[in-house]
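One structure below.
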Amino acid sequence: MGGISIWQLLIIAFIVLLLFGTNKLKTLGSDLGSAMRGFRKAMKEDHANDAVFSEKMIREKPLKKEVRTSEKKNHKTSHQRKKV
C-alpha cells in the first residue's frame with residue numbers, strides 16, 4: 001500500500017514512450033548525459049582551482065589591514081545621524 005509497483009512504472013514508461021517517441025527520448029538522454037559530464041568537469045576544475053588558490057594563499061604573507069582614521073571619523077551609525 002502507498003508505493004508504486006513495477007506494473008505502474010511500466011505503464012507510465014509506456015505512456016511516455018507513446019507521447020514523446022524514441023527519437024526525442026534518445027536526444028533527451030544524450031543531452032542529459034552531456035550536461036552531467038559538463039557539470040562533473042566543471043566541479044573537478046573548480047576543485048583544482050581552489051587547491052591552487054589555497055596553496056598560493058599559504059605561501060604569501062598576509063597583508064596588513066590599513067586603518068583609515070578619516071573613514072572612522074566620517075562613519076556614523078543611524079542613531080547618530082541627524083534628521084533634517
Heavy atoms of other groups near I4 CD1, more than 12 under 6.0 Å: no
Contacts of E45 that satisfy side-chain contact (heavy atoms from CB on, under 4.5 Å) - sequence neighbours left out: K41
Rounded distance [0.5 Å steps], OG in S5 versus CD1 in I11: 7.5 Å
L19 with L25, same ILVMFWY side-chain cluster at under 4.5 Å: yes
Same cluster (ILVMFWY, side-chain, under 4.5 Å), I15 and F20: yes
Please list, one pair per line, the donor and acceptor atoms closer than 3.5 Å that link side chains of residues 27-39 to other protein atoms, with sequence neighbours excluded.
from, atom 1, to, atom 2, distance (Å)
T27, OG1, N23, O, 3.3
T27, OG1, K24, O, 2.9
S30, OG, K26, O, 3.4
S30, OG, T27, O, 3.0
S34, OG, S30, O, 3.3
S34, OG, D31, O, 3.0

